[in-house]
Amino acid sequence: MILSVKSEMRASELIKLFSECYPYLRLEIYHRGEEMGNAAHNCLLKDIVHKKAVDSFEITPQMKVCEVEEIFWEKMGLQISIFRKSGKTWLESSFTNYWSLERQNNLGKEMNDFMNIQPQKVSL
């Protein structure tokens, strides 16, 4: 599934859509170097970006985690991190950031199936 990212989106909408596309991955947005709290997720992306001219872009399942993090920085000036579900824990994908989103999500699904744990729905 292709996810279109636009500056007019709310942070909460982006996080929810990402979770729907990749239920075993989690997207975290950082603002001014700190993870955004749930209260801040209601803001529009354009209100927290660090660039004056913001381009819309798409995220595809074949993109590597490092590419997704890089495109957010290049197009919006936003720092993000992607975490993979492993049982009841979320692991930062830094050691596997050259794997595609699809591969990361499939691994998270395999781990959760093995441990018989259902994915959590994102609630903001």
Roughly how far, to the nearest 0.5 Å, is the [atom2] atom of [Y] from the [atom1] atom of [X]?
{"X": "Arg26", "Y": "Leu91", "atom1": "CZ", "atom2": "CG", "answer": "10.0 Å"}
{"X": "Phe72", "Y": "Gln79", "atom1": "CZ", "atom2": "CD", "answer": "12.5 Å"}
{"X": "Met63", "Y": "Ile2", "atom1": "CE", "atom2": "CD1", "answer": "10.5 Å"}
{"X": "Ser19", "Y": "Leu14", "atom1": "OG", "atom2": "CG", "answer": "11.0 Å"}
{"X": "Leu101", "Y": "Ile82", "atom1": "CG", "atom2": "CD1", "answer": "5.0 Å"}
{"X": "Met111", "Y": "Tyr24", "atom1": "CE", "atom2": "OH", "answer": "12.5 Å"}

Any idea which heavy atoms bring [X] and [Y] closest together, and the distance?
{"X": "Pro61", "Y": "Ser100", "value": "O-CB, 3.5 Å"}
{"X": "Ser81", "Y": "Tyr30", "value": "OG-CE1, 3.3 Å"}
{"X": "Leu45", "Y": "Ala11", "value": "CD2-CA, 4.0 Å"}
{"X": "Leu78", "Y": "Ile48", "value": "CD2-O, 3.7 Å"}

Please answer whether the main-chain N or O of [Y] pairs with a side-chain N or O of [X] as donor and acceptor at a distance below 3.5 Å.
{"X": "Arg84", "Y": "Leu25", "value": "no"}
{"X": "Glu28", "Y": "Phe83", "value": "no"}
{"X": "Asp47", "Y": "Cys43", "value": "no"}
{"X": "Asn97", "Y": "Val65", "value": "no"}
{"X": "Asn112", "Y": "Gly108", "value": "yes"}
{"X": "Thr96", "Y": "Trp99", "value": "no"}
{"X": "Glu67", "Y": "Lys64", "value": "yes"}

task: Go through Asn42 and Arg10 one step at a time and tell me if the side chain to side chain contact (heavy atoms under 4.5 Å, CB included) criterion holds.
output: CA-CA 6 Å; Asn42 199 34; Arg10 296 202 178 281; 3.4 Å; yes
field: side-chain contact (heavy atoms from CB on, under 4.5 Å) involving Lys6 - partner list, sequence neighbours excluded
entry: Ser4, Glu8, Met9, Ser56
- request: I would like to know whether Leu17 and Val5 meet side chain to side chain contact (heavy atoms under 4.5 Å, CB included); could you show each step before the answer?
  value: CA-CA 10 Å; Leu17 289 172; Val5 179; over 6 Å; no
query: Who passes ring-ring contact (aromatic ring centres under 6.0 Å, His included) against Phe18, sequence neighbours left out?
result: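 Here the qualifying residues are Tyr22.
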